[in-house]
> 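Have a look at the structure that comes next, please.
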Amino acid sequence: MNFMEELRWREMIHDITPGLEERMAAGMVSGYIGFDPTGRSLHIGHMIPIMLLLHLQRCGHKPVALVGGATGMIGDPSGKSAERNLLSMDTVAENVKSIRGQLEKFLDFCDAPNKAEMVNNHDWTGDVTLLDFLRDIGKHLTVNYMVAKDSVKGRWDQGISFTEFSYQLLQSFDYYHLYTNKNCVLQLGGSDQWGNITSGTELIRRKCGGEAFGMTCPLLKRSDGKKFGKSEGGESVWLDPKMTSPYKFYQYWFNCTDDDAPKLLRFFTLMSKDEISELERQHAAAPHERLMQRALAKDVTTRVHSAEECQKAIDASEILFGKGSTETLKSLSEEDFLMVFDGVPQGQVPASEIEAGGLQVIDLVAEKCKLFPSKGEARRMITAGGLSVNKLKIDDPAQVIDTSMLLNGKYLLFQKGKKSYFIVNAV
C-alpha cells in the first residue's frame with residue numbers, strides 16, 4: 001500500500017511539505033503525532049490523527065505516538081480562544097497511562113521493524129534548564145517567525161501568555177529530539193497544527209541542517225457546519241466507556257446523516273474504496289435501512305469497545321423496534337435506559353407501595369398511572385396478551401408488581417401493542 005495514495009482517496013490530506021512522497025518511496029519512514037494528555041481519555045476528534053498513524057503502519061512505516069507529559073502541562077494555543085487550565089504532574093501521568101491503553105486498540109506495539117512506539121516528551125524536557133532551552137532552542141527561531149503563525153495570530157488581539165506562546169518552541173524541540181534520537185522525519189497532525197509542524201522542520205534545518213517533513217489532515221466538520229465530535233447536546237464523545245457508554249458511542253455514529261456517512265466511512269474505517277462505494281450504492285437503493293450508518297457504527301464501536309460491547313449496543317438499539325430481549329433491557333445502565341427511551345411518557349408510583357407488596361398490575365396501569373382509561377379496557381388488553389412489562393407478556397390482571405421487577409432498582413417499562421411505551425418510575 002502507498003501511504004499518500006491511500007490518504008488521497010480518503011480525502012485525508014490538507015497540506016504536505018515538498019519532497020515527502022519521494023522520501024516515503026525510498027523506504028520506511030518514522031512519523032509521529034502528538035497527543036496532549038489534558039484528560040484521562042481521548043475523544044473521537046483524536047481518532048483522526050490516530051487513523052493517520054494506523055494507515056502509516058499499515059503501509060509499512062513506523063508510527064510514533066507522542067504523549068505530551070510536558071507540553072500537556074502548558075497547553076497548545078492552536079484553535080483555542082482562551083488559556084487552558086494547567087494540570088499537575090500526577091494528573092498528567094494518570095492521563096498518559098489511560099491514553100496508552102486506548103492507542104493500543106488501534107496500533108500494533110508488537111515486536112516488528114515498524115512496530116508502534118509511544119514516547120513521553122517529559123522524558124527529554126524534564127531535566128532541561130531554562131537557560132539551556134533558551135540558548136540551544138530559542139535562538140534558532142525568531143519572534144517574528146513565531147508571531148506569523150496562525151496559532152499565535154489568532155490569539156494576538158485578546159492576548160496570549162508567554163506560557164502558551166512558548167508551546168511552539170516546545171513542540172519544535174520535540175520534533176528535533178525525535179529526529180535526532182528516533183530517526184523521525186515526519187510529523188503529522190490536523191491542519192491547525194501546520195504552523196507548529198513547520199516550525200519543527202525549520203528548527204531541524206537551522207540547528208543541524210537536516211531535512212524533515214510534515215503533513216496535515218483537514219479538520220472535519222459535519223454537513224450542517226457544526227464541529228465533528230460533539231453530541232447534539234454539545235458534549236464530547238469519549239473513547240473511555242465510563243465517560244461515554246458504548247451504547248451512546250454507537251448511537252453517535254449511527255445517527256450521522258446520509259451526507260456525512262461516506263466521509264466518515266473513509267476517515268474512520270479501514271474499508272476499501274470499492275467496499276465503501278458498494279455501501280453507498282446499496283444505501284441509495286434503500287436509504288431507510290441506513291446501511292452506511294450501520295456499517296460505520298459497527299466498525300468503529302467494535303474497534304474502540306470490542307465486538308461484544310458493540311453487539312450489546314446494537315441489541316439496545318433494537319429494543320424500541322420490539323426486537324430486544326428482557327436480558328438486554330436489564331443489562332442497560334440507567335443512563336442508557338433513559339437514553340433509549342428518551343421522550344417516552346412517564347408516570348410515578350410510590351416505591352413504598354411496591355415494596356409493601358400487593359400492588360396489582362391492573363391497578364398500576366389503570367388507576368395509578370392512567371395508562372388505560374378504565375380497568376375494563378386494561379383487563380381486556382392484558383388478557384388478550386397486548387401488554388408487557390420489561391418485555392415480558394402479562395396475561396393476568398391480578399399479577400403483583402414486586403421490587404425484583406424494577407430496572408436499575410426504580411423503573412418499569414410497559415409496552416402496549418407494538419410501539420407504545422410507558423415508563424413507571426418508583427419514587
> Would you say the ring centers of Trp253 and Phe268 fall short of 6.0 Å from each other?
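Yes - the distance between ring centres of Trp253 and Phe268 falls below the 6.0 Å cut-off.
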
> Once you measure the plane-to-plane angle for Trp124 and His177, does it fall in the parallel (<30°), tilted (30-60°) or perpendicular (>60°) bin?
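Rings of Trp124 and His177: parallel, under 30°.
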
> Any donor-acceptor pair under 3.5 Å linking the side chain of Asn390 with the backbone of Thr326?
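No, because the side chain of Asn390 does not come within donor-acceptor range (under 3.5 Å) of the backbone of Thr326.
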
> With Glu355, which residues qualify under side-chain hydrogen bond (donor to acceptor under 3.5 Å, both in side chains), at least two apart?
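Here no residue qualifies.
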
> If we count only N and O atoms by modelled type, under 3.5 Å, do the side chains of Gln251 and Ser317 hold a donor and an acceptor together?
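Side-chain D/A pair, Gln251 to Ser317: present.
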
> Between Ser98 and Asn95, is there a side-chain donor-acceptor contact under 3.5 Å, judged purely by atom types and distance?
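Asn95 vs Ser98: no donor-acceptor pair found between side chains.
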
> Indicate yes or no for a side-chain donor-acceptor contact from His305 to the backbone of Thr302 under 3.5 Å, with no hydrogens or angles considered.
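Answer holds: no.
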
> Once ring pair (Phe, Tyr, Trp, His ring centres under 6.0 Å) is applied, do any residues pair with Tyr179, and if so which ones, sequence neighbours excluded?
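By the ring pair (Phe, Tyr, Trp, His ring centres under 6.0 Å) rule, Tyr179 matches no residue at all.
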
> Can you list everything that forms a side-chain hydrogen bond (donor to acceptor under 3.5 Å, both in side chains) with Tyr250? Sequence neighbours excluded, please.
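Applying side-chain hydrogen bond (donor to acceptor under 3.5 Å, both in side chains) to Tyr250 gives none.
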
> For Lys105, does the NZ atom have more than 12 heavy-atom neighbours from other residues, nucleotides or ligands under 6.0 Å away?
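Yes, NZ of Lys105 has more than 12 neighbouring heavy atoms, counting only those of other groups under 6.0 Å.
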
> Short question: side chain of Gln102, backbone of Leu42 - any donor-acceptor pair under 3.5 Å?
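It does hold such a pair.
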
> Could you check, using the six-membered ring where one of them is a Trp, whether Tyr421 and Phe414 have ring centers closer than 6.0 angstrom?
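That pair fails the under 6.0 Å test.
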
> Under the salt bridge (Lys or Arg N to Asp or Glu O under 4.0 Å) rule, what do Asp240 and Arg40 come out as? Steps first, then yes or no, please.
CA-CA 8 Å; Asp240 187 333; Arg40 75 178 192 216; 3.5 Å; yes

